[in-house]
*Asks:* 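I'd like to ask some things about the structure below.
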Amino acid sequence: MKITILYFARIKEVVNYSSEDVELPDEIETIVALKSWLSGRGETWQKLFNGSGVVRAAINHELVDDMATFEEGDEVAFFPPVTGG
């Protein structure tokens, strides 16, 4: 499944880019599974997505919880709980 991931605020600064298109394994269908998959990229990603800090998510501009599911072509955004304008 191919989706677009957007990163905002502190997360964007840490990963050093704001978006990417990714091809996910078939078993990655929820936000929590996506966070776990991203954690596998290395230490920086583990610090962001291992569950020790709060990372909010949205699917196609709608806030969701970690059990929300997404589909092919969706846009998933990650951001800290509070972001400034």
Side-chain angles (χ1 to χ4, degrees):
M1 168 184 349
K2 188 173 182 176
I3 65 169
T4 298
I5 303 176
L6 304 175
Y7 305 101
F8 291 96
R10 178 181 54 83
I11 299 169
K12 173 183 163 184
E13 293 171 9
V14 171
V15 301
N16 210 23
Y17 48 91
S18 60
S19 68
E20 64 177 321
D21 293 324
V22 295
E23 184 76 35
L24 298 173
D26 290 341
E27 68 273 13
I28 309 297
E29 299 176 327
T30 63
I31 294 297
V32 71
L34 178 57
K35 287 179 176 179
S36 177
W37 185 77
L38 290 169
S39 292
R41 288 179 162 180
E43 185 177 344
T44 299
W45 295 89
Q46 284 179 341
K47 289 179 181 175
L48 290 171
F49 293 106
N50 71 356
S52 63
V54 176
V55 174
R56 303 285 314 264
I59 299 174
N60 299 327
H61 308 276
E62 198 168 310
L63 289 174
V64 295
D65 64 25
D66 279 352
M67 296 313 296
T69 59
F70 46 82
E71 299 177 0
E72 174 84 24
D74 280 349
E75 181 182 270
V76 175
F78 289 114
F79 49 92
V82 177
T83 60

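No hydrogens, no waters, no symmetry mates; every other heavy atom, side chains included, goes into these values. What you see is a predicted model; the values in this text were computed from it and never measured.
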*Asks:* Report the distance from atom OG of S18 to atom CG of L6, rounding to the nearest 0.5 Å.
*Replies:* 7.5 Å
*Asks:* Can you establish whether the number of heavy atoms outside E43 located under 6.0 Å from its atom CD is more than 12?
*Replies:*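 No - once you tally the heavy atoms of other residues, nucleotides and ligands closer than 6.0 Å, there are 12 at most.
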*Asks:* For the OG1 atom of T30 and the CG atom of D65, what is their distance to the nearest 0.5 Å?
*Replies:* 9.5 Å
*Asks:* If only side-chain N and O atoms count, and only distance matters, is there a donor-acceptor pair under 3.5 Å linking E20 with Y7?
*Replies:*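 Yes - a donor-acceptor pair under 3.5 Å links their side chains.
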*Asks:* Would I5 end up clustered with F8 when hydrophobic side chains under 4.5 Å apart are linked, directly or stepwise?
*Replies:*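 Each belongs to a different hydrophobic cluster.
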*Asks:* Taking atom CD of E27 and atom CE of M1, what is their separation to the nearest 0.5 Å?
*Replies:* 10.0 Å
*Asks:* Given the rule in the side chain to side chain contact (heavy atoms under 4.5 Å, CB included) test, do F78 and F49 qualify, once you have shown the distances and angles that lead to the verdict?
*Replies:* CA-CA 10 Å; F78 289 114; F49 293 106; 3.8 Å; yes
*Asks:* Can you tell me how far CD1 of I11 sits from CG of N16, rounded to the nearest 0.5 angstrom?
*Replies:* 14.0 Å
*Asks:* Would K35 and D66 satisfy side chain to side chain contact (heavy atoms under 4.5 Å, CB included), going step by step from the backbone distance to the final call?
*Replies:* CA-CA 9 Å; K35 287 179 176 179; D66 279 352; 2.8 Å; yes
*Asks:* What verdict does the side chain to side chain contact (heavy atoms under 4.5 Å, CB included) test give for V14 and L48, after you've listed the backbone C-alpha separation in whole Å, the side-chain angles of each residue and the deciding distance to 0.1 Å?
*Replies:* CA-CA 9 Å; V14 171; L48 290 171; 3.9 Å; yes
*Asks:* Find out whether I31 and M67 are in side-chain contact, i.e. whether some heavy atom of one side chain is under 4.5 Å from a heavy atom of the other.
*Replies:* no
*Asks:* Tell me, with the steps shown, if Q46 and R41 meet side chain to side chain contact (heavy atoms under 4.5 Å, CB included).
*Replies:* CA-CA 7 Å; Q46 284 179 341; R41 288 179 162 180; over 6 Å; no
*Asks:* Provide the closest heavy-atom pair for K2 versus E23 in the form atom of the first, atom of the second, distance.
*Replies:* CB-OE1, 3.6 Å
*Asks:* Any chain of hydrophobic side-chain contacts (each under 4.5 Å) joining I3 to W37?
*Replies:*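 Same hydrophobic cluster.
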*Asks:* With D21, which residues qualify under side-chain hydrogen bond (donor to acceptor under 3.5 Å, both in side chains), at least two apart?
*Replies:*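 Counting only residues at least two positions away or on another chain, D21 forms a side-chain hydrogen bond (donor to acceptor under 3.5 Å, both in side chains) with T4.
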*Asks:* Same hydrophobic cluster for V22 and Y17, using side-chain heavy-atom links shorter than 4.5 Å among ILVMFWY?
*Replies:* yes
*Asks:* Who pairs with R10 by side-chain hydrogen bond (donor to acceptor under 3.5 Å, both in side chains), at least two apart in sequence or on another chain?
*Replies:* none
*Asks:* Restricting to side-chain contact (heavy atoms from CB on, under 4.5 Å), what partner residues turn up for D74, sequence neighbours left out?
*Replies:*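 Listed in chain order: I59, N60, F70, E71.
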*Asks:* Looking at OG of S39 and CH2 of W45, how far apart are the two atoms once the value is rounded to the nearest 0.5 Å?
*Replies:* 9.5 Å
*Asks:* Measure the spacing between OG1 of T69 and CD1 of I28 and express it to the nearest 0.5 Å.
*Replies:*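 So the gap between those two atoms works out to 13.0 Å.
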